Amino acid sequence: MDDLAHFCCQNPDCPRYGQRGTGNLSVCDRFAKGNHRLLYCNACKARFSEFKGTPLFNSKLPHDKAIAILEHLAEGCGVRQTARLLGVNKDTVTRLALLAGQHAKDTHDELVAFSPLDPRGPIR
Ligand SMILES: [Zn+2]
């Protein structure tokens, strides 16, 4: 049984758009040895990749490589260091970092009621 509680419809015109755990989604197809699922929304009849709306969507990188890039960045490796260590182009690292940063910000804005004020003031 697929656990789709963390997924939501990605169609902005759908009445269930962005709502998780409402039971409107099901898995309608699988690719890449079952590692990539195509989801179906029974509210709007849309089909979309389970990676839509994430930094991994439409990435030509294998997902384990993309995850490794983000792990290196999260541990403090620079863009050039990460690119060298993993044998990828530095532009690839930059692109993924920007996508992941935006995704993290969106997730933060959705999940966190408000951000506490930083006593150090705004970043200059
Ligand atoms: Zn939908």
Side-chain angles (χ1 to χ4, degrees):
M1 187 64 190
D2 291 280
D3 180 9
L4 299 174
H6 296 298
F7 293 87
C8 57
C9 184
Q10 297 287 321
N11 170 15
D13 297 326
C14 177
R16 295 282 173 84
Y17 175 62
Q19 298 172 22
R20 295 190 177 86
T22 54
N24 54 316
L25 299 179
S26 57
V27 175
C28 65
D29 212 342
R30 288 169 198 274
F31 311 101
K33 300 179 189 138
N35 290 326
H36 181 179
R37 297 172 298 182
L38 190 67
L39 305 183
Y40 171 72
C41 172
N42 66 19
C44 69
K45 319 289 184 214
R47 291 162 203 264
F48 51 90
S49 160
E50 67 176 316
F51 296 113
K52 187 164 168 52
T54 80
L56 299 182
F57 183 58
N58 268 355
S59 173
K60 294 190 189 81
L61 286 172
H63 287 176
D64 51 353
K65 185 79 113 182
I67 300 290
I69 290 172
L70 295 173
E71 284 173 345
H72 278 69
L73 293 174
E75 290 294 327
C77 285
V79 169
R80 285 190 169 82
Q81 293 164 309
T82 301
R84 271 198 304 275
L85 287 166
L86 296 173
V88 296
N89 191 296
K90 73 176 170 51
D91 295 340
T92 304
V93 177
T94 304
R95 190 185 63 84
L96 194 62
L98 290 173
L99 284 170
Q102 185 61 47
H103 191 63
K105 181 181 183 301
D106 293 345
T107 304
H108 170 89
D109 290 348
E110 178 182 342
L111 297 177
V112 179
F114 69 95
S115 299
L117 288 173
D118 188 332
R120 295 167 299 178
I123 297 167
R124 293 179 209 284

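Numbering of residues begins at 1 and proceeds along the displayed sequence. For ligands, and for the atoms within them, numbers begin at 1 and follow the listed sequence. These figures come from a predicted structure and were not determined experimentally.
Shortest non-hydrogen contact noted between Phe48 and Cys9 is CZ-CA, 3.7 Å.
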Under 3.5 Å donor-acceptor pairs involving side-chain atoms of residues 71-87, not counting sequence neighbours:
from  : atom 1 : to    : atom 2 : distance (Å)
His72 : ND1    : Ala68 : O      : 2.8
Gln81 : OE1    : Gly78 : N      : 2.5
Thr82 : OG1    : Gly78 : O      : 2.7

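For the side-chain contact (heavy atoms from CB on, under 4.5 Å) with Leu4, the lone residue among Glu50, Arg20, Arg37 that qualifies is Arg37.
For the Zn ion (ligand 1), the nearby protein N/O/S atoms, meaning those under 2.8 Å, are Cys9 SG, Cys14 SG, Cys41 SG, Cys44 SG.
To the nearest 0.5 Å, the span separating SG on Cys8 from CG on Leu25 amounts to 7.5 Å.
Using a 4.0 Å cut-off between a side-chain N of Lys or Arg and a carboxylate O of Asp or Glu, Asp91 and Arg95 do not qualify as a salt bridge.
Cluster annotation: Leu98 and Ile69 are assigned to distinct hydrophobic clusters (Ile/Leu/Val/Met/Phe/Trp/Tyr, side-chain heavy-atom contacts under 4.5 Å, transitive).
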